[in-house]
Asker: 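Pasting a structure here, questions to come.
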Amino acid sequence: MRNTIPDIIIAIDGYSSTGKSTFAKLVAREFGFLYLDSGAMYRGVTLRAIESGFVREDNSLDEDAIIADLPALDLHFERGEGKTLLYMGARCIEEEIRTMKVSGLVSPVSAVAKVRAWVDAKLRSFSEGGRVIMDGRDIGTTVFPGAELKIFMTADPDVRARRRYDELLSKGQAPVLEEVKKNLQDRDYMDSHRETSPLRRPEDSFLLDNTHMTMHEELVWILGLIQGRFSLLDPPELSC
Ligand code: DC
């Protein structure tokens with residue numbers, strides 16, 4: 001029996017826009033974990049490729065140039081108020097990495113095996129010391145196959161498209177719902193069918209379908225899971 005949640009690694013995987021990062025951020029805040037968004041790293045590599053001219057006019061990638069540039073690429077997270085922000089050198093790139101342009105190119109960039117190896121090594125080094133919650137597509141299968149708690153998230157595709165659409169709208173962008181939905185479908189397909197570390201549900205993961213769940217219900221769900229799994233005597237009170 002324990003009093004507190006141990007310094008475990010929680011791996012969250014799942015399809016695009018299933019609310020992985022919102023959920024992970026909240027869990028991090030409630031239980032005092034470091035939150036790391038692995039998708040942001042792939043988005044950062046993609047932004048760099050666009051800005052450096054490694055994406056050709058027809059949207060094909062100069063993979064050799066992307067790979068050759070990796071050693072000079074400084075992507076790291078800094079803790080902001082209640083969130084973790086991605087930096088490229090001294091520049092915070094949280095906004096730039098969430099545009100439709102980056103979303104349209106990130107799946108092919110993340111399919112490059114050497115990009116994945118580079119991102120994996122960074123993610124592991126950022127996580128030294130544990131007490132980390134990380135979301136992505138291959139966290140429980142490849143980045144941390146030994147993670148103590150693995151969750152696989154899913155939700156109805158229309159609900160997911162609407163959530164991403166609302167999010168883009170709230171950030172001042174002018175999304176088109178059908179385009180957002182198509183981007184999600186395309187990414188889900190590419191992410192599940194690439195050769196290196198495709199999106200798969202880890203066998204030892206717990207399934208969370210949040211189509212009809214509130215954030216509070218999701219938190220109660222994971223708290224129950226943690227409590228049972230680690231025999232917590234005195235589970236933390238939820239603040240929301
Ligand atoms: O979580 P996100 O939508 O910001 O991720 C952007 C893309 O990055 C996603 O379409 C696939 C890729 N990705 C990945 O291949 N592996 C991860 N662990 C995280 C993201």
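First listed ligand is number 1; within each ligand, the first listed atom is number 1.
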Asker: Do the charged groups of Lys182 and Glu178 touch, with an N to O distance under 4.0 Å?
Answerer: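 No salt bridge links Lys182 with Glu178.
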
Asker: Protein residues near ligand 1, heavy-atom distance below 4.0 Å?
Answerer: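 The answer is Ser38, Gly39, Tyr42, Arg43, Val106, Ser107, Ser110, Arg116, Gly136, Arg137, Asp138, Ile139, Arg187, Asp191, Arg194, counting any residue whose heavy atom sits under 4.0 Å from ligand 1.
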
Asker: Do Lys181 side-chain atoms and Ala161 backbone N/O form a donor-acceptor pair below 3.5 Å?
Answerer: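 No; judged by distance alone, with no hydrogens or angles, the pair does not exist.
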
Asker: Do Phe152 and Tyr15 have ring centroids that are under 6.0 Å from one another?
Answerer: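 Ring-ring flag for Tyr15/Phe152: true, centres closer than 6.0 Å.
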
Asker: Side chains of Ile9 and Met134: does their closest heavy-atom pair fall under 4.5 Å?
Answerer: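 No; the side chains remain at least 4.5 Å from each other.
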
Asker: What pairs with Asp138 under salt bridge (charged side-chain N to carboxylate O under 4.0 Å, His left out), at least two apart in sequence or on another chain?
Answerer: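 Partners of Asp138 by the salt bridge (charged side-chain N to carboxylate O under 4.0 Å, His left out) criterion, ordered by chain and then number, come out as Arg116.
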
Asker: Is there a donor-acceptor contact under 3.5 Å from the side chain of Arg79 to the main chain of Leu85?
Answerer: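 Judged by distance alone, no pair lies under 3.5 Å.
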
